[in-house]
Amino acid sequence: MEFEWYLDFVDLNYRPDPDELVCTFLVHPSEGITIEEAAGRVASESSVGTWTTLASLPDRIKKLMAKVFLIDGNMVKVSYPLELFEPGNLPQLLSSIAGNIFGMRAIRNLRLLDIEFPHDYVKNFSGAKYGIPGIREILKIDDRPLLATVPKPKLGFDVHEYADVAYQALCGGLDMVKDDENLTNQSFIKFEERLESVMKVLDLAEKETGERKTYLVNITAETEEMVRRAKLVSDFGNEYVMVDFLTSGFSALQTLRKKCEELNLAIHAHRAMHAAFTRSKVHGISLRVLVKLLRIVGVDNVHVGSGVGKMVGELEEVLELVKICRDAWYDLRPIFPVSSGGLHPGLVPDLISKFGKDVIIQAGGGVHGHPDGTFSGARAFREAVDLTLSGMDLEEGGKELRKALEKWGKIRPR
């Protein structure tokens, strides 16, 4: 007796309507299961199906069935009627298209490669408040990449040590100081004390350099506490918060985005934990999907890797993420891609040739590991950018840059 109906969700002659949402999956069936059967299970479990035929199924519900409309080797495309998704509810979307389907025994490996969003879904989200043009206006920088650093070591400083490192970096020519992803409110460096101390030295650095500076302060915590910290950041006169969006969760991120609209705060999104499910090429969710979700929700910048530093991420993938951040997409503002992970002055020409000017370049050890300390490391990094944009060789730089090149050359850390 035939009781399974997974193949009812496969129609290779179907062509999606423009207002449908389309997901691209990489599907590896378990032994004894055909690709058509596996694809049908994905479409069924992520829409209206169950494991067996039902006694009755009204026609209006049949219209909500997801449809597998393309199978190319192990690549499968599935279209979804938009009625399946609650407007403006990102967790619900992910529970549907990236939920139970990853645990089905009939599927050995499954990877969500891409989502194509219709405008009628995207219009329910705000997108970035500032994006590239807004952040450039805040910092009064029009013609070069923005430069950021994370004080190193990433943990262990007290508030005074941390603020001093931040001060040296900002006075040396960097635009942003950023907390690391695991620095929040530890006993040795309380959140509010750190915020107050860094804001004081930020004001001093602005007066000394005549340049605008900002602090990407990590407010990652339980949602209500994140909102409280965001208010503190605003009260201290800063314009930026940072959040580890995956460990916080997309519902928390959506709440934070609304609160930051009220507080006129920009959002720096850190991708901590992403490699737990993006690193495999055959299973999990791609970074392409995550960056699209972030642009829809409305962060102002997000880490995309570098293609030349210490973090996993092939250059082709990184540049694809850059396009997702910056290319025209409905009425959403373009956002800054952030290049980070093992960067130093010797890699700047390569970075700018690949990313262009609309990028935030973040260097940690490549600033603070300079033989003469943080101030000289920041000077070297800023000069490397200025020389590159002027079409000059880095070897023509001053003593700080020469010492950086003597130490690191053009190595790519592993």
Side-chain angles (χ1 to χ4, degrees), residues 135 138-139 146-209 211-245 247-248 252-253 255-257 259-260 262-270 272 299-301 303 338 340 360 362-365 367-369 373-375 377-378:
I135 298 304
I138 289 172
L139 293 177
L146 307 185
L147 305 180
T149 191
V150 176
K152 299 291 184 177
K154 59 168 63 179
L155 292 176
F157 285 132
D158 64 26
V159 292
H160 304 295
E161 294 165 331
Y162 195 87
D164 181 63
V165 173
Y167 176 70
Q168 298 297 328
L170 295 173
C171 286
L174 304 191
D175 309 300
M176 302 169 161
V177 168
K178 187 188 83 67
D179 288 340
D180 213 272
E181 72 276 2
N182 51 358
L183 179 63
T184 53
N185 188 42
Q186 286 91 330
S187 60
F188 50 83
I189 188 165
K190 291 295 187 179
F191 177 85
E192 189 166 352
E193 295 174 4
R194 181 173 81 252
L195 174 61
E196 182 178 13
S197 296
V198 173
M199 290 307 297
K200 286 179 179 178
V201 301
L202 189 150
D203 288 340
L204 290 174
E206 287 186 337
K207 292 174 182 176
E208 291 190 21
T209 63
E211 298 176 340
R212 286 283 282 114
K213 309 291 182 180
T214 195
Y215 176 29
L216 312 182
V217 54
N218 186 4
I219 65 170
T220 301
E222 179 274 333
T223 305
E224 290 184 357
E225 177 62 16
M226 282 204 297
V227 169
R228 188 189 76 84
R229 292 178 186 179
K231 291 177 180 177
L232 280 174
V233 172
S234 178
D235 289 344
F236 273 101
N238 197 34
E239 55 272 301
Y240 247 113
V241 295
M242 168 189 155
V243 61
D244 300 332
F245 71 92
T247 56
S248 298
L253 182 64
T255 298
L256 182 64
R257 171 63 184 87
K259 180 55 62 174
C260 287
E262 299 172 15
L263 298 172
N264 294 314
L265 293 173
I267 301 174
H268 177 93
H270 194 285
V299 305
D300 297 279
N301 25 281
H303 292 254
V338 181
S340 63
I360 297 174
Q362 178 191 302
V367 169
H368 311 294
T374 295
F375 178 82

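Treat the numbers as computed from the prediction; the structure is a model and nothing was measured. Residue indices begin at 1 and follow the sequence shown.
Checking each of R212, K213, K200 against E206 for a salt bridge (charged side-chain N to carboxylate O under 4.0 Å, His left out) leaves exactly one that passes, namely R212. Under the side-chain contact (heavy atoms from CB on, under 4.5 Å) test applied with H268, the options V299, V243, D300, V338 reduce to a single match, V338.
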(request) Tell me, with the steps shown, if V198 and F236 meet side-chain contact (heavy atoms from CB on, under 4.5 Å). (result) CA-CA 10 Å; V198 173; F236 273 101; over 6 Å; no
(request) Using the side-chain contact (heavy atoms from CB on, under 4.5 Å) rule, take V177 and L170 through it: C-alpha gap first, then chi angles, then the decisive distance, then the call. (result) CA-CA 7 Å; V177 168; L170 295 173; 3.7 Å; yes
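Taking 4.5 Å as the limit, every side-chain heavy atom of N218 sits out of range of all side-chain heavy atoms of D180. Taking 4.5 Å as the limit, some side-chain heavy atom of Y167 sits within range of a side-chain heavy atom of E208. Within the 4.5 Å cutoff, side-chain heavy atoms of L183 are placed close to those of Y162. Within the 4.5 Å cutoff, no side-chain heavy atoms of T149 are placed close to those of T374. V150 is listed as a side-chain neighbour of Q362, based on a closest heavy-atom distance under 4.5 Å. Between F191 and I219 there is a side-chain heavy-atom pair separated by less than 4.5 Å. Between F157 and D164, every side-chain heavy-atom pair lies at or beyond the 4.5 Å cut-off. Side-chain contact between R228 and E225 is present, with heavy atoms from C-beta onward closer than 4.5 Å.
For A230 against L256, the heavy-atom pair with the smallest separation is CB-CD1, 4.2 Å. Taking every heavy atom of both residues into account, M226 and S248 meet most closely at SD-OG, 3.8 Å. The two atoms that bring S340 and H303 nearest to each other are OG-ND1, 2.9 Å, heavy atoms only. Shortest non-hydrogen contact noted between M242 and E181 is CE-CA, 3.6 Å. Annotation for I267 and C260: closest pair CG1-SG, 3.9 Å, computed over non-hydrogen atoms. Counting all heavy atoms, side chain and backbone alike, A269 lies closest to F245 at CB-CD2, 4.0 Å.
No more than 12 heavy-atom neighbours from other residues, nucleotides or ligands sit within 6.0 angstrom of CD on E224.
The main-chain N or O of Y215 is found under 3.5 Å from a side-chain atom of N238 such that the two form a donor-acceptor pair. Judged by distance alone, the side chain of D179 and the main-chain N or O of V217 form no donor-acceptor pair under 3.5 Å.
Applying the side chain to side chain donor-acceptor pair (under 3.5 Å) test to residues at least two apart or on different chains, none of the pairs has a partner in residues 182-193.
To the nearest 0.5 Å, atoms OG (S197) and CG (L202) are separated by 12.0 Å. To the nearest 0.5 angstrom, T214 atom OG1 is 13.0 Å from L174 atom CG. For the atom pair CZ (R194) and NE2 (H160), the distance works out to 13.5 Å, reported to the nearest 0.5 Å. With values rounded to the nearest 0.5 angstrom, E211 atom CD is found 10.0 Å from C171 atom SG. One finds the CG atom of L265 at 11.5 Å from the NZ atom of K231 (value rounded to the nearest 0.5 Å).
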